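In what follows, chains are A, B, ... by sequence order, proteins preceding strands, each numbered from 1. On a predicted model such as this, the values are computed, not experimentally measured, just so you know.
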Amino acid sequence: MPRELSKTYNPKEIEQPLYQEWCDKNYFTPSPDKNKEHFTIVIPPPNVTGQLHMGHALDETLQDTIVRFKRMQGYNTLWVPGTDHAGIATQIKVEETLRKEQGLSRYDLGREKFTDMVWEWKKKYGNRIISQIKAMGASCDWSRERFTMDENLSAAVKKVFVSLYNDGLMYRGFRISNICPRCETALSDAEVEHEDTEGAFWHIRYPLEDGSGYIEVATTRPETMLGDTAVAVHPEDERYTKFVGKTLVLPLVGRKIPVIADEYVEKDFGTGAVKITPAHDPNDFEVGSRHNLDTIIVINNKGIITEEGGKYAGLDRFEARKQIVEDLKEQGYLVKIEKCTHAVGHCCRCGTVVEPIASSQWFVKMGPLAEKAIEVVENGTIDYIPDRFSKIYMNWMKGLRDWCVSRQLWWGHRIPAYYCDDCGEITVSENEVTECPKCHSKHVHQDEDVLDTWFSSALWPFSTLGWPNKTEDLAYYYPTSVLITGYDIITFWVSRMITMGMYCMKEKPFSHVIIHGLVRDAQGRKMSKSLGNGIDPLEIIDKCGADALRFALLTGNSPGNDMRFSDEKIEAARNFTNKIWNAARFALMNIPDELTDTNLPSSDKLKIEDKWILTRYEELVSEVTENLEKYELGIALAKLYDFFWGTLCDWYLELAKPRLFDKEDAEGNTNTCRVLSFVLRGAMELMHPFMPFITEKIWQQLPHKGESIVVTDYPKFDSSLVFTKEAEQTELIISAIKAIRNRRTEMNVAPSRKAKVFIVSDEKNAFNDSNSPFFVKLAGASEVEYPDDMHDENSVLIVSDKAKIFIPLSDLVDMDAEISRLEAEKEKLLGEIARIDNKLSNEGFVSKAPAAVVEAEKTKRVGYKEKLDIVIASLAKYGK
RNA sequence: GGAGGUGUAGCUCAGUUGGUUAGAGCGCACGGUUCACAUCCGUGAGGUCGCGGGUUCGAGUCCCACCUUCUCCA
């Protein structure tokens, strides 16, 4: 088995072949197994027309890291992938293409041809995002890939619709919905984004029919006055009591409308009198139904004034506003225009200002459904990570209005409701209805609308596993384990999955909801197409590899918080992958091909630096495992980075070099190789969930057991490899080396100038001849001696942990400088000791703090005292 | 108006259950290429943890008020 890695790390060469191999070997394709615990994730399905952006990249990385960790831990691990048909987004996209390429609208094609065209588009481009997710290294089970409009998932949608209808939880109602005039469809509350906008209050006079005066009203949307059917005042508002019951004449229109009293009106707001437009305002609609007012629709789904608008009919709503204001002014009805900012609803897909319009839509009655969805989060059956998002969820769930689920689109699940043209009967059925069950007429037509995209997404955790069929997958893998998604779709998606999971399955859809933030640009702006500030994850994969991208996304990222993504971050990540690659390359250059087993030398053959690195490694195993189990990925990754770079590369590899290069000590050489290969392999396994490609490639080259790192066991803590004493002794050596380097640099000693080093210490296990090579290699020592005690005024004195070190650099020694340096050190040590003494003499601290904390303070004091004694003794030798 | 977040080194951010002398990356300064890596190595400077109270033996961490800034909802 020849071991070699190319001279420079080239992710492009290794990533695709490895991914292919993993898929070919079915590592990601589990089967239900009653003897094992399952771990399931369903992917938040990306839009089928979409392209991978940083948000997906973060989402997939988080999921894949957890999935790979659980798989290595031995869980029967399933990650279900798939895509969403994304009603509005996809329809808009295809319509645009149709317009651009053929100059046609969807109406020119007709419903059937148009939806055929969307399916064609889906076949052609739907796989694009899937292959991009694969490039991230995502270990999804592609044999179980789903699409929200698959046959089975569509059947699930129908079944739920019918079931809700039969339970009285789905109804067709005439009420105000937010309509996007650009998309020409109704939207749910969640799809409307409110934005503070500069606008105005137009104050308008409505004259009394009897000519005895007028009432002044204020509105932010003057064009809606065309549909006014009343003016309302508060019943207890004395200013207006005398007007209630009288009749007003609506300016420009001439309609006679009553003055009514309703508690909805706020006395102190505006003029205290409110124009009532039941057809175009949700509150007015309520008032209208309380007072039996007419609902006159004056703006249609396209934002155009209807025939009801008289001379303004046919105008765009904003053009109509201008003209109406102009006319009011001319005819003396306009009192004043007051500037103000107010929240205006926009379509979350296209940004167009939405128009509230009364229309017939299908609604899901949320009240009864929400109860259980609230309960499972309240009682902890489902928890949010971080916890604060459960508050946001609760806030939303407790203020829920009914969910408008019908959309005036062609792309989506068509509503399974049938209307009899003869008797008007509505039949809701999973099967196509061709005859009215009431009057037996054959003149029956299906509802033209489709369902909100999120309706099918709400069923995703169980519809993908086969529901409503009783499949083996559903029985074994449901409920899923965790859901990972951004906070921006808690209201759209998470809340509805919980709601529908409780309704359809009578069981939670998942146990934990892990929420992450948005990926922003270097300036903290949202990445968007219009700003052109998006960083393309594919470009980064191309240049630096998927592992570097994954590292950059997870490092320094804490749950639920937004992160900034910058070139510097990517560069740091790429440097780390390069470091890993080179460390492995170095190891493989030294580990002989004959060494194929994974055994460690017996503990009596281990040197102290071996015991030190093994101890640090075992600590890492236990900490990282704990962090991953708590889904603290950022913390785990930081520890892995520090260990690999700061501990393994900076120290162990350097400490091991003398023995690795010593071909005469064959046994020592082999032992070192065994330890190195053990720790390096372990580090690869620990890091594999985060950086799957590079770790697999290196793992394969190192001595190993098993077929692939993907399915090997995650390292387990082994207390027999913890050598506390030797680890401490090695730390003393490292401290001494650092102290020497520090002083040499401080004194501008050229690195090329080697000097003899004398170390005085009682710690003979650390400071002895066998460890001298460390000082030669790493601290510029020409040779090392270990006298019992000494003092030399012509030497530099360095006080390190449990050691005093002399370096005879007589030409560089400035006695006065030495003395003042020692005095400064003395002061510092005295300060530290005083601080600790202060603590230890505090009755409260000694009696109430945990024993371990008190003990640590005492140990620390001993260390400082030892150093202080050396400093004082040295000063004494100088006559101070 | 309601809810939630944020504020820590020049910049971007970590900081787990309250417990060493508060950390990292980048940037900066100084020095370094013979034997894995200049995408590197060594050394260093740099902090009133937003402000003020409180709880505690002990607060960056918990509580209260304020300020900054961002998001969601109305």
Q: Roughly how many Å apart are B/G27 and B/A74, using the C1' atom of each and rounding to a whole number?
A: 44 Å
Q: Please report the distance, rounded to the nearest Å, between CG in A/Asp642 and C1' in B/U16.
A: 15 Å
Q: Select from A/Thr555 and A/Pro850 the residue whose nearest nucleotide in RNA chain B is closer to the 5' end of that strand.
A: A/Thr555
Q: Rounded to whole Å, please give me the gap between CG in A/Leu553 and C1' in B/A14.
A: 16 Å
Q: Please name the residue in the list A/Lys826, A/Glu825, A/Glu827 that meets the side chain to side chain contact (heavy atoms under 4.5 Å, CB included) test with A/Leu829.
A: A/Glu825
Q: Heavy atoms under 4.0 Å, any strand shown: does A/Ser558 hit a base, just sugar-phosphate, or nothing?
A: sugar-phosphate
Q: Please determine whether a side-chain nitrogen or oxygen atom of A/Arg388 lies at a distance below 4.0 Å from atom OP1 or OP2 of B/G4.
A: no
Q: Salt bridge between A/Lys828 and A/Glu832, side-chain N to carboxylate O under 4.0 Å?
A: no
Q: How far does the P atom of B/A24 sit from the matching atom of B/A14, given to the nearest Å?
A: 16 Å
Q: Mind calculating the distance between NZ (A/Lys630) and P (B/G15) to the nearest angstrom?
A: 12 Å
Q: Map every base of RNA chain B to its dot-bracket character, where paired means a Watson-Crick or G-U wobble contact with both distances under 3.5 Å and | marks a partner outside the strand.
A: (((((.(..((((.....[...)))).(((((.......))))).....(.(((..]....))).)).))))).
Q: Taking NZ, NE, NH1 and NH2 as the nitrogens, is one of them in A/Asp562 or A/Lys526 under 4.0 Å from a carboxylate oxygen of the other?
A: no
Q: Rounding to a whole Å, what distance do you find between A/Leu633:CG and B/A14:C1'?
A: 14 Å
Q: Would you kindly give the CG-to-P distance between A/Asp281 and B/A74, to the nearest whole Å?
A: 14 Å
Q: What does A/Ala572 touch in the nucleic acid at a heavy-atom separation under 4.0 angstrom: a base, only the sugar-phosphate, or nothing?
A: sugar-phosphate
Q: Looking across every strand, which nucleic acid part, if any, lies under 4.0 Å from A/Phe565 by heavy atom: base, sugar-phosphate, or nothing?
A: nothing
Q: In this structure, are over 12 heavy atoms from other groups packed under 6.0 Å from A/Lys639 atom NZ?
A: yes
Q: Given atom NE2 of A/His346 and atom P of B/C73, what is their separation to the nearest angstrom?
A: 13 Å
Q: Is the shortest side-chain heavy-atom distance between A/Leu840 and A/Lys858 below 4.5 Å?
A: yes
Q: Are A/Phe69 and A/Phe690 an aromatic pair, judged by ring center distance below 6.0 Å?
A: no
Q: Answer yes or no: is there an ion pair linking A/Glu355 with A/Arg221, defined by an N-O contact shorter than 4.0 Å?
A: yes
Q: Could you tell me how far B/G32 sits from B/C37 if I compare only their C1' atoms? Round to whole Å.
A: 15 Å
Q: Using the C1' atom in both, what is the distance from B/C40 to B/C51, to the nearest Å?
A: 44 Å
Q: If a protein heavy atom is under 4.0 Å from the base, mark B; if only from the sugar-phosphate, S; if neither, -; do that for nucleotides 36-45 of chain B going 5' to 3'.
A: BB-BSSSSS-
Q: Please tell me which of A/Arg401 and A/Ser566 maps to the more 5' nucleotide of RNA chain B, matching each residue to the nucleotide holding its nearest heavy atom.
A: A/Ser566
Q: Distance between the C1' atoms of B/U69 and B/C63, in whole angstroms?
A: 23 Å
Q: Can you check the distance between B/C28 and B/U17, where both ends of the measurement are the C1' atom (answer in whole Å)?
A: 37 Å
Q: Say we look at B/C49 and B/A22: how far apart would their C1' atoms be, to the nearest angstrom?
A: 8 Å
Q: Can you tell me the distance, in whole Å, between the CG atom of A/Asn842 and the C1' atom of B/U56?
A: 11 Å
Q: Base, sugar-phosphate or nothing for A/Glu632? Non-hydrogen atoms, less than 4.0 Å.
A: base
Q: Answer yes or no: is there an ion pair linking A/Glu568 with A/Arg574, defined by an N-O contact shorter than 4.0 Å?
A: no
Q: When the P atoms of B/G7 and B/G50 are considered, how many whole Å apart are they?
A: 8 Å
Q: Between A/Arg616 and A/Glu731, is there a salt bridge with N-O shorter than 4.0 Å?
A: yes
Q: What's A/Lys639 touching, base or sugar-phosphate or nothing? Going by heavy atoms closer than 4.0 Å.
A: base
Q: In whole Å, what is the span from the CZ atom of A/Arg520 to the P atom of B/C13?
A: 10 Å
Q: For A/Asp542, is there an ion pair with A/Lys12 - N to carboxylate O distance below 4.0 angstrom?
A: yes
Q: Taking 4.0 angstrom as the limit, do A/Lys398 and A/Glu378 come out as a salt bridge?
A: yes
